[in-house]
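Just follow the structure's listing: the first ligand is 1, and inside any ligand the first atom is 1.
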Amino acid sequence: MREHDYDLYVIGAGSGGVRAARASAALGARVAIAEQGQLGGTCVNAGCVPKKLFVYGSRFAEDCEDAGNFGWRVETPDFDWPTLRDNKTREIRRLNGIYRDMLEDAGVAIQVDHAAVAAPHTLRVGARSVTARHILVATGSRPRVPAFPGNDLVITSDDTFHLADFPERVLILGGGYIAVEFAGIFAGLGATTRLAYRGELPLRGFDEGVRRFVLDEMRRKHVDVRLNARIAAVEEKPGGLLCRFDNDDSLEVDAVLAATGRAPASAGIGLPAVGVRLAANGAVVVDDDYRTSVPHIFAIGDVIDRVALTPVAIAEGACVAERLFGDGQRLVDYAAVPTAIFCQPNIGSVGPTEEAARKRYSRLRVYESRFRPLKHTVSGRDERSLMKLLVDGDTDRVVAAHMCGAEAGEIIQGVAVAINAGATKADFDATIGIHPTAAEEFVTMREAVR
Ligand code: NDP
């Protein structure tokens, strides 16, 4: 008789957990996965996918405006929120089914229930008890709302996907990924949109030139960005919510979206009781092999609070599967993780910021191009693009690329391959451009600006 019911028990069927489960099963392991919500986790249900559909939806008002100078007469566009919301939900339900099929086809047992570690090798899953040789915690993260009077009146990104009514006036708190993405979505869909950020410049951690550029572009698109603005209280009043700031400013809105970060979802699954160490912010502490302080319990994805991005969680999940059941060769390279923010226009970024690169490379060369995209020379829209390449002057290697402009996410993915492969500026220069595109700027920037 086998010692345990499963070789691997995965808690959480988000991007990372699903990849670990499928890859482990493909390597011959007996695998089960528990999910208390919908299959696919944050990315599929309340993150990347529905958000991107909303971004697409929010572009049409501008597209209709832009069409005029291209000869199209478009009647005044009229937006219907329930249509977008419900069509998005239909697509998400389809994806939930695909996730179920993928897991079942791989031979993974799906247990739709809350799972918690009850003893080192035992899990309580709903009313039943199962045992596993290895356990993988892939429970992700949840929106975090700061403490202030009336914070129970705010919504988080989770709620935006199911709002009964579209808010005509929105205040967004925060200046990170979710704040700037939703600022673009709400403004594009026609809401009066304000964003209040506690610092000097949103998107801390991104290249400063890009941050300044994005701030200008957001303001151009009628997002009222308030800097050094700290919320003091939110109160209900007839017809809306009254928001007070600590500098005595106030404003009235229909909804307040707190996009003030996410916290690792490590509570309520029995981890400290079996000896799994948590950091002060709740992140599960792991070593380079994603092993927790209990050697047969592993953790990946947002719950370890390293790089909270879907493709990183997927890479970590594949890595754990190979360590446990394969040849264990796979490593996750965190050095140059490309990322995109689907604000409008998009940001795409790979490698260090100019500020960080300057400290690391003594002879840094900076190439930069700012231009009006061809489309807008006719549409008349006052939207610009920014592209930057950072080059280590000692080796000629391109170490980073940053862009703010249409389809930056799509463009930077290919550039990231070149950078990860060690391409030099000479390699970029020797590559023939594709004309006329914005992307060709990356192979035609000849003079360093700094
Ligand atoms: P971020 O960490 O990106 O941003 C949080 C923002 O909230 C920061 O501007 C931060 O300010 C501010 N903030 C934090 N605490 C407070 C507070 N107490 N009061 C006021 N402001 C506060 O988190 P998000 O929630 O936007 O997103 C979470 C993560 O999800 C991202 O970091 C990213 O990894 C991932 N994500 C990725 C996306 C993508 O790939 N396109 C899209 C959405 C999310 P400060 O800078 O001063 O700390």
Side-chain angles (χ1 to χ4, degrees), residues 14-16 41-56 140-151 154-161 171-185 195-206 208 210-211 214-215 218 225-234 243 245-247 256-265 281-283 301-316 334 337-350 353 403-404 407-410 412-413 416:
S15 306
T42 302
C43 171
V44 170
N45 295 286
C48 323
V49 177
K51 177 277 310 287
K52 187 89 186 268
L53 292 173
F54 280 6
V55 171
Y56 286 127
S141 61
R142 296 197 199 303
R144 188 183 51 211
V145 180
F148 55 83
N151 72 349
V154 309
I155 59 172
T156 68
S157 52
D158 286 358
D159 305 306
T160 57
F161 299 108
L171 170 66
I172 299 170
L173 306 177
Y177 277 83
I178 295 178
V180 298
E181 288 185 342
F182 273 94
I185 290 168
L195 183 149
Y197 174 53
R198 63 181 175 182
E200 296 281 338
L201 197 57
L203 296 176
R204 188 163 59 80
F206 280 80
E208 195 176 316
V210 170
R211 295 166 71 193
V214 170
L215 177 61
M218 278 201 290
V225 182
R226 300 175 178 207
L227 301 174
N228 301 306
R230 286 168 183 274
I231 193 82
V234 176
C243 308
F245 292 89
D246 65 357
N247 62 359
V256 179
L257 165 62
T260 41
R262 298 177 62 90
N281 70 348
D302 285 13
V303 79
I304 65 172
D305 197 29
R306 258 187 205 175
V307 180
L309 296 174
T310 293
V312 173
I314 290 173
E316 292 169 347
Y334 294 96
V337 174
T339 185
I341 304 187
F342 298 99
C343 51
Q344 301 181 23
N346 293 181
I347 297 170
S349 186
V350 57
T353 64
M403 173 173 178
C404 178
E407 307 298 353
E410 305 288 347
I412 289 292
Q413 181 71 82

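Looking at Ile341 next to ligand 1, no N or O pair under 3.5 Å apart turns up. Considering backbone and side-chain N/O of Pro146, none are found under 3.5 Å from N/O of ligand 1. Checked by distance only, ligand 1 and Ala308 come closer than 3.5 Å through their nitrogen or oxygen atoms. Note: no N/O pair closer than 3.5 Å links Ala179 and ligand 1 by distance alone.
In this structure, Leu173 falls outside the shell of residues with a heavy atom less than 4.0 angstrom from ligand 1. Ligand 1 has at least one atom lying under 4.0 Å from a heavy atom of Lys51.
Tyr177 CD2, 3.2 Å is the protein heavy atom nearest to atom 38 (C) of ligand 1.
When every heavy atom of Val145 is checked against every heavy atom of Thr260, the shortest pair comes out as CA-OG1, 4.0 Å. Closest non-hydrogen pair, Glu316 versus Gly301, comes out as OE1-N, 2.8 Å. Residues Leu309 and Pro338 share a closest heavy-atom pair of CD1-O, 4.4 Å. Shortest non-hydrogen contact noted between Asn151 and Pro146 is ND2-O, 2.9 Å.
Short contacts between ligand 1 and Gly175, defined as distances under 4.0 Å to a heavy atom of the residue, involve ligand atoms 6 (C), 8 (C), 9 (O). Close contacts of ligand 1 with Tyr197, meaning ligand atoms under 4.0 Å from a residue heavy atom, involve 9 (O), 11 (O), 45 (P), 46 (O), 47 (O). Atom numbering of ligand 1 starts at 1 in the shown order; those under 4.0 Å from a heavy atom of Arg262 are 28 (C). Remark: ligand 1 atoms within the under-4.0 Å shell around heavy atoms of Glu181 are 41 (N), 42 (C), 43 (C).
Residue Leu309 touches ligand 1 through its side chain alone, judged by heavy-atom distances below 4.0 Å. Counting heavy atoms under 4.0 Å from ligand 1, residue Ser141 does not touch it at all. Of the heavy atoms in Ala259, only backbone atoms (N, CA, C, O) come closer than 4.0 Å to ligand 1.
In this comparison of Arg198, Arg204, Arg230, the heavy atom closest to atom 21 (N) of ligand 1 sits on Arg198. With distances taken over non-hydrogen atoms, the option nearest atom 23 (O) of ligand 1 out of Ala229, Gly261, Cys43, Gly176 is Gly261. Heavy-atom proximity to atom 24 (P) of ligand 1, evaluated over Val307, Thr260, Ile178, is greatest for Ile178.
A donor-acceptor pair under 3.5 Å is absent between the side-chain atoms of Thr156 and the main chain of Arg144, judged by distance alone.
The 12-atom threshold is not exceeded at CZ of Arg142, counting heavy atoms of other residues, nucleotides or ligands nearer than 6.0 Å.
Aromatic ring centres of Tyr177 and Phe182 lie farther apart than the 6.0 Å criterion allows.
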### Pair Ser157-Lys51, side chain to side chain contact (heavy atoms under 4.5 Å, CB included): steps then yes or no
CA-CA 9 Å; Ser157 52; Lys51 177 277 310 287; over 6 Å; no
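Residues Arg226 and Leu195 form no side-chain contact, since every pair of their non-hydrogen atoms from C-beta on lies 4.5 Å or further apart.
To the nearest 0.5 Å, the span separating SG on Cys404 from CD1 on Ile341 amounts to 9.5 Å. Ile185 CD1 to Ile178 CD1: the interatomic distance, rounded to the nearest 0.5 Å, is 10.0 Å.
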